[in-house]
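For reference, the structure discussed in these notes is given below.
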Amino acid sequence: MEEDCLFCKIIKGEVPSTKVYEDEYVYAFKDINPAATVHILIIPKKHISSLEDLKNGDEEYVWKIHEAMQKISKAQGVSESGYRIIVNCGKDAGQEVMHLHYHFLAGEKFGDKIV
Ligand code: 5GP
Ligand code: ZN
């Protein structure tokens with residue numbers, strides 16, 4: 001956990017959030033500024049700054065994030081209709097919060113749009 005990390009504070013409950021899913025490895029909550037009908041952020045409970053900081057040994061977090069996607073898609077009723085996952089990594093991608101997070105977007109057709 002990092003003292004000054006917003007998402008670490010959300011995991012610890014120091015900053016309020018609307019929880020969607022939680023297990024030993026993963027926390028998922030609604031994005032405060034949704035870019036789609038369904039916009040959920042899925043984060044590892046360990047502080048990993050970005051995709052660039054994933055290390056050997058983090059495999060369980062990576063799998064659990066992906067398992068959470070499957071569970072969330074079923075719970076949201078979009079496992080058939082589909083969803084889009086976005087991970088911004090670094091400045092050029094526009095990563096604002098330096099705690100690895102997967103954007104889970106659904107509930108509409110995204111077509112050819114990148115985001
Ligand atoms: P990034 O641009 O880093 O990929 O995405 C950061 C996301 O975190 C944005 O979509 C933003 O709306 C969301 N966000 C930023 N601060 C908060 C917050 O305090 N609570 C919640 N639920 N989402 C946040
Ligand atoms: Zn963090």
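These numbers come from a predicted model, not from an experiment. Counting starts at 1 for both ligands and their atoms, in listed order.
- Within a 6.0 Å sphere centred on CD of Glu14, heavy atoms belonging to other residues, nucleotides or ligands number more than 12.
- Qualifying salt bridge (Lys or Arg N to Asp or Glu O under 4.0 Å) partners for Lys30, counting only residues two or more places apart in sequence or in other chains: none.
- Contact check on Lys64 versus Glu24 returns no salt bridge, with no Lys/Arg side-chain nitrogen under 4.0 Å from an Asp/Glu carboxylate oxygen.
- Legend: residues meeting ring-ring contact (aromatic ring centres under 6.0 Å, His included) with Phe104, ordered by chain and number and at least two apart, are Tyr83.
- Across Tyr102, Phe7, Tyr21, a single residue satisfies ring-ring contact (aromatic ring centres under 6.0 Å, His included) together with Phe29, and that is Phe7.
- At least one side-chain heavy atom of His99 sits less than 4.5 Å from a side-chain heavy atom of Pro44.
- The 4.0 Å heavy-atom shell around ligand 1 contains residues Leu6, Phe7, Ile10, Phe29, Lys30, Asp31, Ile32, Asn33, Leu41, Asn88, Gly94, Gln95, Glu96, Val97, His101, His103, ordered by chain and number.
- Side chains of His47 and Ile11 form no contact here, defined as non-hydrogen atoms less than 4.5 Å apart.
- Counted within 6.0 Å of CD on Glu59, heavy atoms from surrounding residues, nucleotides or ligands total more than 12; the atom is thus considered enclosed.
- Proximity of the aromatic rings of His101 and His103 is defined here by a centroid distance below 6.0 angstrom, and this criterion is met.
- The distance cut-off of 2.8 Å around the Zn ion (ligand 2) captures these protein N, O or S atoms, sorted by chain and number: Cys5 SG, Cys8 SG, His47 ND1, His99 ND1.
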